[in-house]
There are 2 protein chains.
Amino acid sequence: MKRDIDRLMQERGIDVAVVTGAVKGNATMYYMVNGAGISHAIVIKKRGEEPVLLCGTMEREEAAASGLKTIDTSKYNILEMIKEAGGDRLAASVKYYQTIFEEFGVKGRVGFYGQGDVGRNWEFLKALDEGLPDVTVVGEFIDDIFITARMTKGPEEIDRIREMGRKTCEVVGHIADFMKSHKVDGKTLVKDDGSPLTIGDCKAEIKVALARRKIIEEVDTIFAIGRDAGIPHSRGNDSDPIELGKTIVFDIFPQEAGGGYFFDMTRTFVLGEASQEILDSYKTLEECYDAVAPTLEMGEKASVYQTRACDFFEARGIETPRTDPHVRNGYVHSLGHGIGLDVHEKPTLSDFSGNTDTLVPGSIFTVEPGLYYPDKGYGMRIEDVYYVHEDGTVENLTDFPRGLVLEV
Amino acid sequence: MKRDIDRLMQERGIDVAVVTGAVKGNATMYYMVNGAGISHAIVIKKRGEEPVLLCGTMEREEAAASGLKTIDTSKYNILEMIKEAGGDRLAASVKYYQTIFEEFGVKGRVGFYGQGDVGRNWEFLKALDEGLPDVTVVGEFIDDIFITARMTKGPEEIDRIREMGRKTCEVVGHIADFMKSHKVDGKTLVKDDGSPLTIGDCKAEIKVALARRKIIEEVDTIFAIGRDAGIPHSRGNDSDPIELGKTIVFDIFPQEAGGGYFFDMTRTFVLGEASQEILDSYKTLEECYDAVAPTLEMGEKASVYQTRACDFFEARGIETPRTDPHVRNGYVHSLGHGIGLDVHEKPTLSDFSGNTDTLVPGSIFTVEPGLYYPDKGYGMRIEDVYYVHEDGTVENLTDFPRGLVLEV
């Protein structure tokens with residue numbers, strides 16, 4: 001949580017944190033400006049002091065909504081600096097930061113954060129590091145202070161994610177009803193004109209259902225049938241018809257409109273009747289889920305649950321990333337991931353070496369075992385979101401039946 | 001265009017270009033993988049050779065859609081490298097790149113491109129630069145090879161932007177009709193239940209109208225009334241009622257769903273009757289537009305048009321960024337910007353020192369003069385998209401009447 005930032009800066013010897021870049025697609029910036037609707041900004045956070053927001057004059061009203069002390073950057077006049085530097089924009093940018101850093105007393109070990117252009121920032125930070133004798137540019141390769149702070153969520157954040165969960169479940173229900181509202185012709189759902197209902201039709205309906213709830217697809221929703229459902233990240237093929245008896249993996253991870261908190265859930269549906277093989281696999285998947293999810297416990301290492309899932313599947317002769325890192329048939333990924341302002345955050349329910357993530361109060365993460373058999377033409381996943389309360393209670397925020405078969 | 005990349009690499013002494021990061025929100029990556037629906041990747045482009053795409057095994061099918069030679073990164077086994085490095089993920093990442101670079105013969109001046117975490121990449125590129133004796137890490141601060149290549153668009157790209165323009169104009173027309181379909185009560189449009197139609201209602205309708213056309217708002221559309229319309233980047237206040245006689249600035253810049261090409265246009269509407277002052281200002285704005293847009297010419301510097309717009313307004317006693325860099329009343333921004341996979345690209349129709357952008361075949365950009373009087377409670381902007389054909393013809397892709405007053 002935000003209150004952890006000063007402690008983390010202290011522990012890591014960071015005197016000042018500088019967050020740069022756009023707000024959109026830049027979770028740390030969004031976090032620090034409290035979602036203010038500005039396009040891009042600089043946030044300066046000195047250890048032990050309140051952050052200051054610098055942004056352009058055209059966005060002064062939006063910037064004020066951040067609740068932060070706000071500085072209008074037009075006073076630094078970058079265009080004049082470019083002119084003085086003879087058109088050398090790198091030199092002008094160093095001068096611009098130098099001017100700001102001097103005004104705010106930014107010196108010592110200065111950490112840089114936020115999303116931006118990799119090559120541009122490499123040149124810029126080199127020039128800054130060399131050009132400002134009082135400043136040492138610092139980066140954090142893994143789990144930086146903001147990612148670590150964001151790893152736990154407070155009540156306001158959880159309220160927003162809970163509301164996202166409510167809306168997301170509504171959309172999943174709507175799409176299940178939408179499919180069921182179609183007639184069957186042979187092995188396929190058909191529209192009023194007799195043509196097959198397709199993945200593309202369902203995806204179009206998903207887009208409108210999301211928009212009606214003012215939530216957005218950051219990237220295309222996964223709605224994949226048959227063999228594609230057997231490839232975890234396949235987003236589905238628009239022209240595929242919705243055929244009875246095939247698994248549909250519906251993995252939906254919308255974000256608050258304007259950039260903000262995500263939800264993330266998956267249901268697997270079969271229209272009409274499922275084969276015995278699919279039913280058996282789904283039963284195994286549910287058993288894995290039921291063997292692991294009830295054991296989620298505050299204070300436990302997040303990696304433990306991936307180990308449990310692998311143990312469970314391997315005991316049934318199913319391959320896992322532990323038996324084969326290239327596994328494509330069986331259980332082929334990690335058990336889950338934190339969610340928040342990014343769709344993938346900490347903690348990571350993965351057992352890679354060095355994963356020290358722990359379930360603590362404020363942790364919110366997915367549990368998503370899956371089974372994939374692309375060569376047999378099917379795949380399945382169940383994904384819910386869990387939250388660890390202050391008192392250690394672990395709550396499932398995903399209020400939607402598991403299902404599988406949708407009768408038509 | 002893409003065919004320029006090898007020449008640009010040659011001119012700038014770059015032996016290999018490495019593009020990293022997500023596809024979403026990372027225009028250069030999207031460009032290089034031809035919009036393939038993968039989540040993140042590494043693209044290696046050696047000078048004079050075809051690019052190679054490296055990505056995870058779970059996204060192998062999506063990767064194939066790029067049309068590039070594709071390498072499944074699971075063969076490098078990063079988890080094993082982390083284990084070997086005793087959990088040191090920075091060392092493991094350097095080893096990972098070293099392995100890949102050796103396999104593909106990547107050495108010399110290696111440019112890095114794409115969006116990513118600034119601090120993380122600073123640490124990573126430092127370690128790579130120091131750790132690999134054959135590699136010199138290079139960044140380009142301004143107008144890197146991909147941004148420069150993307151500055152001109154070929155026929156396929158223009159077809160996509162043209163189609164985005166068609167859909168965007170449809171949405172603008174739909175929203176104008178949507179507002180006009182409401183009854184008037186006193187000075188305000190009202191809904192069937194008698195409550196005022198608000199900015200929020202219109203924005204909700206915009207979201208659904210976009211979703212129906214499978215295009216997305218990357219950030220919130222600008223739909224601002226009255227004083228907010230007088231602040232160019234104000235996105236509008238959801239609770240404001242749609243009042244007659246006030247200017248509404250509707251600046252809509254949607255993107256192809258899944259990340260892709262943008263369009264960008266603005267219309268200013270007044271419901272019912274406009275005051276004489278607003279009509280006069282709008283006439284001045286149209287006169288500026290008509291003084292500048294017909295002079296757009298292949299081979300001319302892009303900065304010239306901002307100079308012309310400033311000349312025009314200043315001759316009428318209106319302040320501009322040239323008379324006051326802090327200007328808030330009058331003409332307060334640049335004349336336009338390129339559009340493409342980012343909503344703001346090159347060329348820049350701005351007169352800052354060192355802007356050498358030129359209108360050439362394949363240039364596609366906005367022309368968007370505006371007048372802003374927040375203290376008087378209004379603002380206005382007209383924004384169209386222009387394209388320079390191979391033969392020098394300059395075409396307006398924005399097929400929508402300028403309007404101003406919408407009768408109710």
Side-chain angles (χ1 to χ4, degrees), chain A residues 20-21 24-25 37 39 57-59 61-62 74 77 79-80 82-83 87 89-90 111-125 137-142 144 204 207-208 210-212 214 216-220 231-235 257-259 325-326 328 332-333 352-354, chain B residues 20-21 24-25 37 39 57-59 61-62 74 77 79-80 82-83 87 89-90 111-125 137-142 144 204 207-208 210-212 214 216-220 231-235 257-259 325-326 328 332-333 352-354:
Chain A
T20 63
K24 167 75 190 175
S39 60
T57 190
M58 288 210 296
E59 302 191 315
E61 307 260 326
E62 279 69 23
S74 70
N77 203 347
L79 295 182
E80 192 58 35
I82 293 172
K83 209 179 287 177
R89 288 167 71 181
L90 176 57
F112 282 80
Y113 305 89
Q115 300 293 310
D117 188 273
V118 169
R120 179 185 167 98
N121 278 289
W122 165 250
E123 284 303 309
F124 172 63
L125 292 177
V137 171
V138 176
E140 295 188 79
F141 185 67
I142 291 289
D144 70 37
K207 286 182 203 308
V208 174
L210 291 168
R212 287 199 186 288
K214 296 184 190 173
I216 56 172
E217 279 176 321
E218 196 222 12
V219 296
D220 201 25
I231 302 171
H233 276 204
S234 170
R235 302 196 185 279
H326 306 263
R328 290 179 174 192
V332 307
H333 52 62
F352 65 82
S353 164
Chain B
T20 63
K24 168 75 190 175
S39 60
T57 190
M58 288 210 297
E59 301 190 318
E61 307 260 326
E62 279 69 20
S74 69
N77 204 346
L79 296 180
E80 191 58 35
I82 294 172
K83 209 180 287 176
R89 288 167 69 183
L90 177 56
F112 282 80
Y113 304 90
Q115 301 292 310
D117 188 273
V118 169
R120 178 186 168 97
N121 278 290
W122 165 251
E123 283 304 310
F124 171 63
L125 292 177
V137 172
V138 176
E140 294 189 81
F141 185 68
I142 292 289
D144 69 38
K207 285 183 204 306
V208 174
L210 291 168
R212 286 199 186 290
K214 297 185 189 172
I216 56 170
E217 278 176 320
E218 195 220 10
V219 298
D220 201 24
I231 302 172
H233 277 202
S234 171
R235 301 198 185 275
H326 306 262
R328 290 180 174 193
V332 307
H333 52 62
F352 65 82
S353 164

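Please read these numbers as outputs of a predicted model, since none were measured by experiment. In what follows, chains carry the letters A, B, and so on, assigned in the order in which the sequence lines appear, proteins first and then strands, with residues in each chain numbered from 1.
- Contacts of E218(A) with chain B are made by both backbone and side-chain atoms, with heavy-atom separations under 4.5 Å.
- The choice from G114(B), G258(B), P325(B) that makes the most heavy-atom pairs within less than 4.5 Å of chain A is G114(B).
- If you measure heavy-atom distances from E62(B) to chain A, the contacts under 4.5 Å come from the side chain alone.
- Options L90(A), L79(A), I82(A) differ in how many heavy-atom pairs under 4.5 Å they form with chain B, and the most are formed by L90(A).
- Residues satisfying the side chain to side chain donor-acceptor pair (under 3.5 Å) test with E217(A), not counting sequence neighbours, are K207(A), T221(A).
- The aromatic rings of W122(B) and W122(A) sit tilted relative to each other, their planes meeting at an angle between 30° and 60°.
- Closest heavy-atom contact between E123(B) and G139(A): CG-O, 3.0 Å.
- Scored by the side-chain contact (heavy atoms from CB on, under 4.5 Å) test, I216(B) finds K24(B), Q255(B), A257(B) as partners (sequence neighbours excluded).
- Most heavy-atom pairs under 4.5 Å with chain B, from the set S39(A), G21(A), G111(A), S234(A): that is S234(A).
- Put simply, the side chain of I142(B) reaches to within 4.5 Å of the side chain of R120(A), judged on heavy atoms.
- Among V219(B), V208(B), L210(B), N77(B), the residue with the largest count of heavy-atom pairs under 4.5 Å with chain A is V208(B).
- Ranking D220(B), N121(B), D117(B) against chain A, the residue ahead of the rest is D117(B), based on heavy-atom pairs under 4.5 Å.
- Comparing D144(B), V138(B), L125(B), V332(B) by heavy-atom pairs within less than 4.5 Å of chain A, the highest count is held by L125(B).
- Only the backbone of E140(A) comes within contact range of chain B, with at least one heavy atom under 4.5 Å from a heavy atom of that chain.
- A204(B) and K214(A) make their closest contact through CB-CE, 3.7 Å (heavy atoms, listed as atom of the first residue, atom of the second, distance).
- Ranked by non-hydrogen atom pairs under 4.5 Å with chain A, the options R328(B), R235(B), E80(B) are led by R328(B).
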